[in-house]
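Being a predicted model, the structure only gives us computed values, none of them experimental.
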Amino acid sequence: MNSQTFRRATVAVTAAALLPLGLTACSADASGDGAAAPAAASSQSTAATTTADAPFGPGCASVPKEGAGSFGGMAKDPVATAASNNPELSTLVAAVKQAGLVDTLNTAENITVFAPTDAAFAKIPKADLDKVLADKAKLTDILTYHVVGRRLTPKQLENGSFETLQKGTLTTEGSGESFTVDDSAKVVCGNVPTANATVYIVDTVLMPR
């Protein structure tokens, strides 16, 4: 074997020996801290978003943990159907049916509903409530005042003024997990998702201004 042939053979053997080491080093770099950091950051970002988007408020404790009336169940249904599965909103649901607004609410896209609880309706003297329930035009006027034609986030409620489907304007203020509507109604369970709406459950029936 001449010297030139020997040198070529030596280079080939050296390259063959070093190639696996180079591949191993590249593999280690790819699975090291540099690649893991973005994944961890992404996970933290997702967790933060989920927490920020979660329903909030003391009234949320009364929402069923499972089934159609739970947060997960309500998220799958359009808003009127979702409300019908919530035990705290039975009077509102009856009023919506009485006014013939079930289909209107269920087929609307991306709305916000301020939903009075049964206790909120109970604040109204029975004779007055019965009178309103018997007057379809008046009832429709009141119920559509509780609906805004776009989804509202808690951040937007901090100092907000929004046109309602009734064509009136309601106002909101607050921060964190404490918000009021029209200076009177308190949000007791907010940011509840349904298939086509965001719901803020309130402790007082709103009256058009």
Side-chain angles (χ1 to χ4, degrees), residues 55-60 62-63 74 78-84 86-209:
F56 63 83
C60 293
S62 64
V63 175
M74 292 177 70
V79 63
T81 302
S84 70
N86 187 311
E88 298 295 321
L89 302 176
S90 59
T91 307
L92 173 63
V93 171
V96 168
K97 291 179 178 177
Q98 183 74 13
L101 293 174
V102 172
D103 289 342
T104 299
L105 294 178
N106 275 349
T107 58
E109 295 184 5
N110 296 322
I111 59 176
T112 294
V113 177
F114 293 91
T117 62
D118 290 349
F121 280 99
K123 293 180 181 180
I124 303 173
K126 187 177 185 306
D128 293 341
L129 180 59
D130 289 343
K131 185 177 180 180
V132 170
L133 292 174
D135 185 339
K136 186 174 181 178
K138 180 67 173 177
L139 181 60
T140 299
D141 200 47
I142 292 173
L143 293 176
T144 53
Y145 181 73
H146 289 73
V147 184
V148 173
R150 58 193 174 105
R151 288 185 187 258
L152 300 176
T153 65
K155 185 69 176 176
Q156 289 173 300
L157 299 189
E158 290 183 359
N159 185 21
S161 178
F162 309 102
E163 183 179 359
T164 69
L165 295 191
Q166 181 264 348
K167 300 303 181 185
T169 300
L170 60 76
T171 60
T172 60
E173 61 181 6
S175 63
E177 297 186 357
S178 178
F179 295 95
T180 58
V181 185
D182 282 352
D183 300 320
S184 59
K186 293 181 180 180
V187 174
V188 295
C189 184
N191 208 31
V192 179
T194 74
N196 69 325
T198 299
V199 177
Y200 291 89
I201 300 175
V202 294
D203 67 354
T204 302
V205 177
L206 306 174
M207 292 297 174
R209 297 181 177 184

Before you tell me yes or no, could you show the steps for Leu206 and Ile142 under side-chain contact (heavy atoms from CB on, under 4.5 Å), namely the whole-Å CA-CA distance, both residues' side-chain angles and the distance that decides it to 0.1 Å? CA-CA 7 Å; Leu206 306 174; Ile142 292 173; over 6 Å; no
Run the side-chain contact (heavy atoms from CB on, under 4.5 Å) test on Asn106 and Thr81 for me, step by step, so that the C-alpha distance in whole Å, both residues' side-chain angles and the decisive distance to 0.1 Å come before the verdict. CA-CA 7 Å; Asn106 275 349; Thr81 302; 3.1 Å; yes
Side chains of Val181 and Val187: does their closest heavy-atom pair fall under 4.5 Å? yes
Side-chain donor or acceptor of Ser178 paired with backbone N/O of Gly174 under 3.5 Å: no
For Gln98 and Leu139, run side-chain contact (heavy atoms from CB on, under 4.5 Å): C-alpha distance rounded to whole Å, both residues' side-chain angles, the deciding distance at 0.1 Å, then the answer. CA-CA 8 Å; Gln98 183 74 13; Leu139 181 60; 3.8 Å; yes
At their closest point, which heavy atom of Ala197 faces which heavy atom of Val79, and how far apart are they? CB-CB, 3.8 Å
Could you check if a side-chain atom of Leu143 sits within less than 4.5 angstrom of a side-chain atom of Leu92, using non-hydrogen atoms only? yes
Applied to residues 127-154, the salt bridge (Lys or Arg N to Asp or Glu O under 4.0 Å) test, sequence neighbours excluded, yields Lys126-Asp130
Quick check: do Asn196 and Asn110 have side-chain heavy atoms less than 4.5 Å from each other? no
Between atom CG of Leu105 and atom CG of Leu165, what is the distance when rounded to the nearest 0.5 Å? 8.0 Å
For residues Val202 and Ala185, report the shortest heavy-atom separation together with the two atoms involved. CB-CB, 4.1 Å
Does the side chain of Thr171 pick up a donor-acceptor pair with the side chain of Asp183 at under 3.5 Å? no
Search all heavy atoms of Thr169 against all heavy atoms of Ser161 and return the closest pair with its distance. CG2-OG, 3.1 Å
Listed once per pair and sorted, the disulfide (SG to SG under 2.5 Å) pairs that draw on residues 124-170, sequence neighbours left out: none
Indicate whether any N or O donor in one side chain lies under 3.5 Å from an N or O acceptor in the other, for Thr204 and Lys123. yes
Should Val199 and Thr194 count as side-chain neighbours, where that means a heavy-atom distance under 4.5 Å? yes
Is there side-chain contact between Thr172 and Thr180, with heavy atoms separated by less than 4.5 Å? no
Closest contact, heavy atoms only, Glu158 versus Ser175: CG-CA, 4.3 Å
Which pairs with one or both residues in residues 113-171 pass ring-ring contact (aromatic ring centres under 6.0 Å, His included), sequence neighbours excluded? Phe114-Tyr200
Non-hydrogen atoms of Pro78 and Ala195 that approach each other most closely: N-CB, 3.8 Å
Within a strict 4.5 Å, meaning less than it, do heavy atoms of the Ile201 and Glu88 side chains meet? no
Walk me through whether Thr198 and Val192 qualify under side-chain contact (heavy atoms from CB on, under 4.5 Å). CA-CA 6 Å; Thr198 299; Val192 179; over 6 Å; no
Would the distance check show the side chain of Asp118 and the main-chain N or O of Ser90 forming a donor-acceptor pair, the cut-off being under 3.5 Å? yes
Distance in Å, Asp182 CG paired with Arg209 CZ, rounded so as to fall on 0.5 Å steps: 3.5 Å
For the residue pair Val147 and Thr104, establish whether any side-chain heavy-atom pair is separated by less than 4.5 Å. no
Taking side chain as C-beta onward, heavy atoms only, is Phe179 less than 4.5 Å from Pro154? yes
Hey, what do you get for OG1 (Thr112) to CG (Leu152), rounding to the nearest 0.5 Å? 3.5 Å
Quick one: does Ser62's side chain have a donor or acceptor within less than 3.5 Å of a partner on Gly59's backbone? yes
